[in-house]
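Heads up, the thing below is written out as structure tokens.
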2 protein chains.
Amino acid sequence: MTSMSDVARAAGVSAATVSRALRGEPGVSEATRRYVTEVAKRMRYAIARDASSLAGGRRYAVAVLTADVGRGDLLAGAEGALRAAGYDVLLYVLRDAEARARFFEELPPLGRRVDGVLALSVTLTDEESDAIGALDLPLVAVRDDDLREALRLAAGHVLELGHRDVALVLPEDVDESYDELLVAEGLSVRPEWTLWSSSTVAGGEQVVDVLLDGDRLPTAVVCGSGQVALGVFLRLRRDGRDVPGDVSIVSLDGPDLVSAVGITAVEGAWRERGEHAVGQLLAALRGEADDAKPPSVHLVVRESTAPR
Amino acid sequence: MTSMSDVARAAGVSAATVSRALRGEPGVSEATRRYVTEVAKRMRYAIARDASSLAGGRRYAVAVLTADVGRGDLLAGAEGALRAAGYDVLLYVLRDAEARARFFEELPPLGRRVDGVLALSVTLTDEESDAIGALDLPLVAVRDDDLREALRLAAGHVLELGHRDVALVLPEDVDESYDELLVAEGLSVRPEWTLWSSSTVAGGEQVVDVLLDGDRLPTAVVCGSGQVALGVFLRLRRDGRDVPGDVSIVSLDGPDLVSAVGITAVEGAWRERGEHAVGQLLAALRGEADDAKPPSVHLVVRESTAPR
DNA sequence: CTGTTAGCGCTTTCAA
DNA sequence: TTGAAAGCGCTAACAG
């Protein structure tokens, strides 16, 4: 396997010059750089990362943490951006509490393996974040459940359609009820119409049962997750209600299945968000602050919403 | 950051001994090994992979190629198994033709970065496989579209329920029609009921339109993908047909949305398949052959199938 | 602008 | 069973 000194010999320069030339470091004449680069390419030379990071301290690798690989676009976006920047992607799937505990138990090696950490769709506890910080690793986290903006869009939409009786179904791990936000948007809040449910289809179906027990049905339901939206949709239909004739449905999240059945949803621009997070991380690695604003969510109107 | 020689000093032995002890290499007395291990743990020592692989040649990393991150379970299963075996997972998302071309263009570095390659839900061309082989990297590929076994299960199921008029909807990139297989299972084949469609909900809906144009409807539809199954389901329902009263539906693939709406499906045991693939790869790395048989698919009967 | 000289932190002979 | 020494292939001072 050709090494850097092979290239150096072939180009008639020292290894140091090859190193500088290939990395775009200053201190090499343009002519030399061009020539060395060309020779290296001709020899199909590929730098040995191990040696490079051993000597240089930089690892050119980022750990990507993800709770589950469900949010594929986020991961794909981040991977693409990292790869484009010349970083390797070390994937860590923190599937369950056990895997998570194990990961944080065995954290130390991470410090020697990566330059930074990207947490995608895992909400890290403070201790967990601190543990990573203690390793001197910059950390950027992308939460996939920042509901505020999504909620604002959804509320605006149903309001515009004339709905006043709106139920809100939140994922059970959310502790706020977002009352002020809804009120600020112009919706009146009925406490019994703010519900929490597991993010599953079954959860959505149960929610409908609860709503049916009330004195009347809301004319619109805003669902925190796509699974729930689908459950609500199916259960309402089975109960003979028309969607959106009787009840409109908006999902605050837009996985495949939501678009598949035509449910209006707030879509996250997940790929772009992954790329944005990478931008933040790379900036942090350079010691800069990142200027870019995160991509914002947008509403995709489908067939599950109609004027009241 | 504590290095191996720090541990060596603390334990009163040489670095070579620490290295041997920690890796389970022979040539260390049990007592020494135990002691060294204990000291290392107490010092929270983490080996520097870079230095290790630079010196030793082994990299303890595997490249995982995936076309898209859709099949999360497969990826998660593989990741878990690799991690458990002490390997790092370098993720490469080969989203589109461009990303794919770029990857194979820049292959060389891979040889210095990983010990092996796992291809999950990407069907590599022969040239692509060869390119990886040329790097002397063992390669294990998991296809997620081996329909034969799934088809056999599905056919058996509908036959058992008494269906004779069965339509088969295949993904459009499949070129076989599987006639002999169906016949072997005991189903008679009507050419106009073997259809190809894009693996989308819309594709499934169109399929129903085609079927409705025929002189009569099949009593069961076997769908190659979950999206299609869902499309067929929704479209039939919208047309006033009862599922499974009028038509039974079986999906040959079981993504979330299929279970969510209660469609009978062949499920792939994807997590286990990922683990199995890792087993194969690790065996290849040890120069052994793997004995284990791949996990097989199984049928999950839900509410979309009923006796004819 | 370029070359020389030391290591980076391990693993691996080779001796003891 | 253990240790000493020699690198693995780079990068980072330091000279020139």
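Just so we're on the same page: letters track the sequence lines, and every chain starts at 1.
- The nearest heavy atom of DNA chain D to B/Ala55 and to B/Arg33 marks one nucleotide each, and the one closer to the 5' end goes with B/Arg33.
- Distances shorter than 4.0 Å separate none of the side-chain N or O atoms of A/Tyr60 from OP1 or OP2 on D/dC10.
- Applying the 4.0 Å criterion to OP1 and OP2 of D/dG3, one finds that B/Ser14 has a side-chain N or O inside that range.
- A/Arg271 has no carboxylate O lying under 4.0 Å from a charged side-chain N of A/Glu275, or vice versa, which leaves the two without a salt bridge.
- Regarding contacts with the backbone of D/dC10, every side-chain N or O of A/Arg59 stays at 4.0 angstrom or more from both OP1 and OP2.
- Distances shorter than 4.0 Å separate some side-chain N or O of A/Arg23 from OP1 or OP2 on D/dA12.
- Contact between the side-chain N/O atoms of A/Thr17 and the OP1/OP2 oxygens of C/dG3 is found at a separation under 4.0 Å.
- A donor and an acceptor atom, one from each side chain of B/Thr37 and B/Arg33, are nowhere located under 3.5 Å apart.
- Residue-level contact check: B/Ser53 touches neither bases nor backbone, having no heavy atom under 4.0 Å from any strand.
- The side chain of A/Ser19 places no N or O atom within less than 4.0 Å of a non-bridging phosphate oxygen (OP1 or OP2) of D/dC10.
- Note: CE (B/Met4) to P (D/dC8) measures 19 Å, nearest angstrom.
- Atom CD in B/Glu30 sits roughly 12 Å away from atom C1' in D/dT1 (whole-Å rounding).
- Going from atom CG of B/Leu54 over to atom P of C/dT11 covers 11 Å, rounded to whole Å.
- The side chain of A/Tyr35 places no N or O atom within less than 4.0 Å of a non-bridging phosphate oxygen (OP1 or OP2) of C/dC1.
- Residue-level contact check: A/Ala16 touches the bases, meaning some heavy atom is under 4.0 Å from a base atom.
- Across all strands, B/Arg58 comes closer than 4.0 Å only to sugar-phosphate atoms, never to a base (heavy-atom distances).
- Using a 4.0 Å heavy-atom cutoff across all strands shown, B/Arg20 reaches at least one base atom of the nucleic acid.
- Look at B/Ser5 and you won't find any side-chain N or O under 4.0 angstrom from OP1 or OP2 of C/dG9.
- Distance check, rounded to the nearest 0.5 Å: CG of A/Leu65 to CG of A/Leu94 gives 5.0 Å.
- The distance between atom CG of B/Asp50 and atom C1' of C/dG7, rounded to the nearest whole Å, is 15 Å.
- Taking every side-chain heavy atom of A/Val28 into account, C/dT2 is the closest of D/dG7, D/dT11, C/dT2.
- The distance between atom CD1 of B/Ile47 and atom C1' of C/dC8, rounded to the nearest whole Å, is 14 Å.
- Distance B/Arg49 CZ to C/dC10 P: 12 Å, rounded to the nearest Å.
- Remark: P of C/dC10 and CZ of B/Arg9 are 12 Å apart, rounded to the nearest angstrom.
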Is there a salt bridge (charged side-chain N to carboxylate O under 4.0 Å, His left out) between B/Arg95 and A/Glu79? Walk through the geometry before answering. CA-CA 10 Å; B/Arg95 180 166 40 261; A/Glu79 192 271 350; 5.5 Å; no
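- Applying the 4.0 Å criterion to OP1 and OP2 of D/dT11, one finds that A/Ser52 has a side-chain N or O inside that range.
- Within 4.0 Å (heavy atoms only), B/Gly27 reaches at least one base atom of the nucleic acid.
- Rounding to the nearest 0.5 Å places CD1 of B/Ile47 at 8.0 Å from CZ of B/Arg49.
- Side-chain atoms of B/Arg112 stay outside donor-acceptor range of the base of D/dG9, with no qualifying N/O pair under 3.5 Å.
- For the residue pair B/Ser53/A/Asp50, the side-chain donor-acceptor check at 3.5 Å is satisfied.
- When the side-chain nitrogen and oxygen atoms of A/Thr32 are compared with OP1 and OP2 of C/dT2, one or more of them lie within a distance under 4.0 Å.
- Going from atom CD of A/Glu25 over to atom P of D/dA12 covers 7 Å, rounded to whole Å.
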